Amino acid sequence: MSFLQCWSEPIVRVQSLSESGIRKIPDRFVKPPSGSYWCNFTDLKTTSVNIPLIDLKNLNSSSDVVRQETIDHISNACREWGFFQVANHGVSHELMEKTRTVWHEFFQLPLEEKQKFANSPVTYEGYGSRIGMEVGAKLDWCDYFFLHYLPEALRDENKWPCPPVSCRNLVSEYGQELVKLSRRLTKILSIGVGLNEDYIHQSFGGDNESSACLRVNFYPKCPQPDLTHGLSPHSDPGGITLLLPDTDIPGLQIRRGNNWLIVNPIPNAFIVNIGDQIQVLSNAIYKSVEHRVIGNSKKERLSLAFFYNPGGDKLIKPANQLVTKDCPALYSPMTFNEYRSFIRTKGLSGKCQIESLKSPT
């Protein structure tokens, strides 16, 4: 088929493997032996954690003290954790649930229906099952659907699923609400490091050039979840991520020191995490944190990751106001398109990309 010719090797649909009844996962999904990057973390401890939970309704308080405490809470979470959850965020709980449900319905469609939206490595837009083009690379136990939401020049709703018939309308409404929330959060993040509230927004390209995309991750049941990953360890390459997970079975883990911490999602809250571009803009005051997704042998999972990013041609570098003699710029300037091309070529690889961008001392 023509859609397979764009990839470096044939595509394997993980959901089809799971539903075939196999008891042993193919070698392509097994983590490499000791000494490789992935297994540097196999001895790390795994514990459960509640990352900071922030009530955004306090930003509307009549008290300056309460508003400032909320801004400080968010800023501290970005400095210390790189992750936090937000409640009372302004997005309808009904819209969140309907959007999550319609994507569950998509992944339960017959394979031939989903294949109509099969993606290529040119844009990654559509129904996919791998990241990166390296022949023989180890694969994650995950299928996904990726689509562009902003800028409007890249947005093509004809590439969004239909059926389910309500999917396109729901994605459009959901994306609109999450763009509003993302822009609200970038203002808070700017203020939190002493910048003008519009600094991050304008650095990303403002209303016309900032980009946004949605990746819906589907994690089928895995017969040997301890041997693979739903998503390999990585930090997000973009600006900020708003994650809507299934809440009944935790799957997201974040790395903190020598521990992998299992994030316990709060119903009707979004998990927010800082991406590499904001780490660069803040000159590493804010941290993008390595995270991964684990599999489950009993139940499938789904999560919606909404990425709010710089425009592809925007040159991202540390803010001048945050660069001093004592705190020199840590990163060399690079456009977002140049930056994310690494991942689209090589796949997920921890914090390697952001570390490679550091300016020589």
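All residue numbers refer to positions in the sequence shown, counting from 1. Being a predicted model, the structure only gives us computed values, none of them experimental.
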> After noting the C-alpha distance and the side-chain angles of Ile254 and Trp81, does the key distance pass the side chain to side chain contact (heavy atoms under 4.5 Å, CB included) rule?
Replying inline: CA-CA 9 Å; Ile254 63 174; Trp81 287 88; 4.0 Å; yes
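- The closest donor-acceptor contact from the side chain of Asn264 to the backbone of Pro250 lies at 3.5 Å or more, if one exists at all.
- Comment: Glu9 engages Arg28 in a salt bridge, judged by a side-chain N to carboxylate O separation of less than 4.0 angstrom.
- Atoms CZ and CD1, on Phe84 and Ile271 in that order, are 11.5 Å from each other to the nearest 0.5 Å.
- Atom CD of residue Glu125 and atom OG of residue Ser120 lie 9.5 Å apart, to the nearest 0.5 angstrom.
- By the 4.5 Å heavy-atom criterion applied to side chains, Ser172 and Arg155 are counted as neighbours.
- The distance from atom CG of Leu185 to atom NE2 of His89, rounded to the nearest 0.5 Å, is 10.5 Å.
- In this structure, Glu152 places its CD atom where only 12 or fewer heavy-atom neighbours from other residues, nucleotides or ligands lie under 6.0 Å away.
- Transitive grouping of hydrophobic side chains (ILVMFWY, heavy atoms separated by less than 4.5 Å) brings Leu322 and Ile188 into a common cluster.
- Note: Tyr149 and Trp160 have parallel aromatic rings, judged against thresholds of 30 and 60 degrees for the angle between ring planes.
- When the options Phe117, Phe145, Phe218, Tyr144 are evaluated for a ring-ring contact (aromatic ring centres under 6.0 Å, His included) with Phe107, the one that passes is Phe218.
- Proximity of a side-chain donor or acceptor of Ser18 to a complementary backbone N or O of Lys221 within less than 3.5 Å is detected.
- His291 places a side-chain N or O within 3.5 Å of a backbone atom of His234 that can act as its donor or acceptor partner.
- No more than 12 heavy atoms of other residues, nucleotides or ligands lie within 6.0 Å of CD in Glu80, so this atom counts as exposed by the packing criterion.
- Remark: Asn217 CG to Leu302 CG distance equals 7.5 Å, nearest 0.5 Å.
- For the residue pair Arg13 / Ser129, a side-chain donor-acceptor distance below 3.5 Å is found, with atom types taken as modelled.
- Heavy-atom minimum distance, Arg67 versus Asn58: CG-O, 3.6 Å.
- Although no hydrogens or angles enter the test, the distance criterion places no donor-acceptor pair under 3.5 Å between the side chain of Glu290 and the main chain of Pro233.
- The CZ atom of Phe270 sits 11.5 Å away from the CD atom of Gln85 when rounded to the nearest 0.5 Å.
- Counting non-hydrogen atoms of neighbouring residues, nucleotides and ligands closer than 6.0 angstrom, the CG atom of Asp248 exceeds 12 such neighbours.
- One hydrophobic cluster holds both Met96 and Tyr308 under the rule that ILVMFWY side chains link at heavy-atom gaps under 4.5 Å.
- A cation-pi arrangement is absent between Arg215 and Tyr124, since the terminal nitrogen or guanidinium carbon is not both under 6.0 Å from the aromatic centre and inside a 45° cone about the axis.
- Heavy-atom minimum distance, Arg100 versus Leu244: NH1-CD1, 3.6 Å.
- Lys114 and Gln15 share a side-chain donor-acceptor pair at under 3.5 Å.
- Salt bridge Glu177/Lys180: present, at least one basic N to carboxylate O contact under 4.0 Å.
- No path of Ile, Leu, Val, Met, Phe, Trp and Tyr side chains, each step under 4.5 Å between heavy atoms, connects Leu214 with Leu154, placing them in separate hydrophobic clusters.
- Tyr127 places a side-chain heavy atom less than 4.5 Å from the side chain of Gln115.
- Remark: the backbone N or O of Ile200 is paired with a side-chain donor or acceptor of Ser190 at under 3.5 angstrom.
- Here the CD atom belonging to Gln68 is positioned 10.0 Å from the CG atom belonging to Leu59, to the nearest 0.5 angstrom.
- Judged by distance alone, with hydrogens and angles left aside, the side-chain atoms of Arg292 form no donor-acceptor pair with the main-chain N or O of Gln253 at under 3.5 Å.
- The hydrophobic clustering, which links ILVMFWY residues whose side-chain heavy atoms are closer than 4.5 Å, places Ile74 and Leu195 together.
- A distance-only check finds no donor-acceptor pair linking the side chain of Lys31 to the backbone of His229 [under 3.5 Å].
- The minimum heavy-atom distance between Gly238 and Phe336, with the atom names listed, is CA-CE1, 3.7 Å.
- Looking at Asn273 and Val289, their side chains never come closer than 4.5 Å, going by heavy atoms from C-beta outward.
- With a 4.5 Å cut-off on side-chain heavy atoms, Ser211 and Pro151 count as touching.
- Trp141 approaches Pro223 most closely through the heavy-atom pair CZ2-CD, 4.0 Å.
- Among all heavy-atom pairs drawn from Arg255 and Gly257, the shortest one is NE-O, 3.3 Å.
- Note on Leu150: it clusters hydrophobically with Ile316, by side-chain heavy-atom contacts below 4.5 Å among ILVMFWY residues.
- Within the 4.5 Å cutoff, the side chain of Cys167 has heavy atoms near those of the Trp103 side chain.
- Shown are Asp246, Asp143, Val14, Val293; of these, the side-chain contact (heavy atoms from CB on, under 4.5 Å) with Tyr219 is made only by Val293.
- The closest donor-acceptor contact from the side chain of Thr228 to the backbone of Phe29 lies under 3.5 Å.
- Under a 3.5 Å cut-off, the side chain of Ser75 and the backbone N or O of Ile71 do not form any donor-acceptor pair.
- With hydrogens and angles disregarded, no donor-acceptor distance shorter than 3.5 Å links the side chain of Asp198 to the backbone of His201.
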